[in-house]
Amino acid sequence: MFKDTQIQILNGSFQQIAATDADIQPFEKTMTFEDGIDIEITKRAFCETLAQIDNKSYLKVGSKLYKVMKIKPYSDYLELWLYECERGAI
């Protein structure tokens, strides 16, 4: 992991609650929800373990806004599956 990208962690109200460096990578995955709703996951991020990141979090990366769709914790870092929101960053 390179952790070469500065990210801002936002809560569900789009208020910044933390910032850190992360390794952002392209990723292709489809998450399927009830009623046939499919969400395309296009990126994943690797970052340090932060208690502020939960299933209501958003990440701001430059001018893009991502919703954290899945959190995979490991011993000393997190893997986050990201959905790119259609609206730009706040």
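These values consider heavy atoms only, across backbone and side chains, with no hydrogens, waters or symmetry-generated copies. No experiment lies behind these values; they were computed from the predicted model shown.
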**OP:** Look at K64 together with E84 and state whether they make a salt bridge at an N to O cut-off of under 4.0 Å.
**Re:** yes
If every non-hydrogen atom of [X] is compared with every non-hydrogen atom of [Y], which pair is closest and at what distance?
X	Y	value
E48	T20	OE2-OG1, 2.5 Å
Y83	E40	CD1-O, 3.3 Å
K60	L10	CB-CD1, 4.2 Å
D38	T30	CB-CG2, 3.8 Å
Q52	I9	O-CG2, 4.3 Å
D21	Q6	OD1-OE1, 2.9 Å

Subject >> Test item: T49 and P73 side chains (from C-beta on) under 4.5 Å apart, heavy atoms >> reply: no
Original post:
Do K43 and F27 come close enough that some side-chain heavy atom pair is under 4.5 Å?
Top reply: no
Subject >> Listed partners of Q15 passing side chain to side chain contact (heavy atoms under 4.5 Å, CB included), at least two apart >> reply: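 Q15: side chain to side chain contact (heavy atoms under 4.5 Å, CB included) contacts with N11, S13.
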Subject >> Sequence-distant partners of D35, side chain to side chain contact (heavy atoms under 4.5 Å, CB included), two or more places apart >> reply: none
**OP:** Using ring pair (Phe, Tyr, Trp, His ring centres under 6.0 Å) as the criterion, list what pairs up with Y74, not counting sequence neighbours.
**Re:** Y77
Original post:
For Y58, what residues pass the ring pair (Phe, Tyr, Trp, His ring centres under 6.0 Å) criterion, not counting sequence neighbours?
Top reply: F14
What distance do [X] atom [atom1] and [Y] atom [atom2] have between them, rounded to the nearest 0.5 Å?
X	Y	atom1	atom2	result
S57	K67	OG	NZ	6.5 Å
W81	I71	CH2	CD1	12.5 Å
I39	L82	CD1	CG	13.0 Å
T5	Q25	OG1	CD	10.0 Å
L59	I7	CG	CD1	4.5 Å
L80	R44	CG	CZ	11.0 Å

**OP:** For S75, enumerate each residue passing the side chain to side chain donor-acceptor pair (under 3.5 Å) test, keeping only those at least two apart in sequence or located in another chain.
**Re:**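 Scan of S75 (side chain to side chain donor-acceptor pair (under 3.5 Å), adjacent residues dropped) gives none.
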Subject >> salt bridge (charged side-chain N to carboxylate O under 4.0 Å, His left out) pairs, two or more places apart, involving residues 68-77 >> reply: none
Taking [Y] as the starting point, is it possible to reach [X] by hopping between hydrophobic residues whose side chains are less than 4.5 Å apart?
X	Y	answer
M69	V61	no
L65	I41	no
Y66	L50	yes

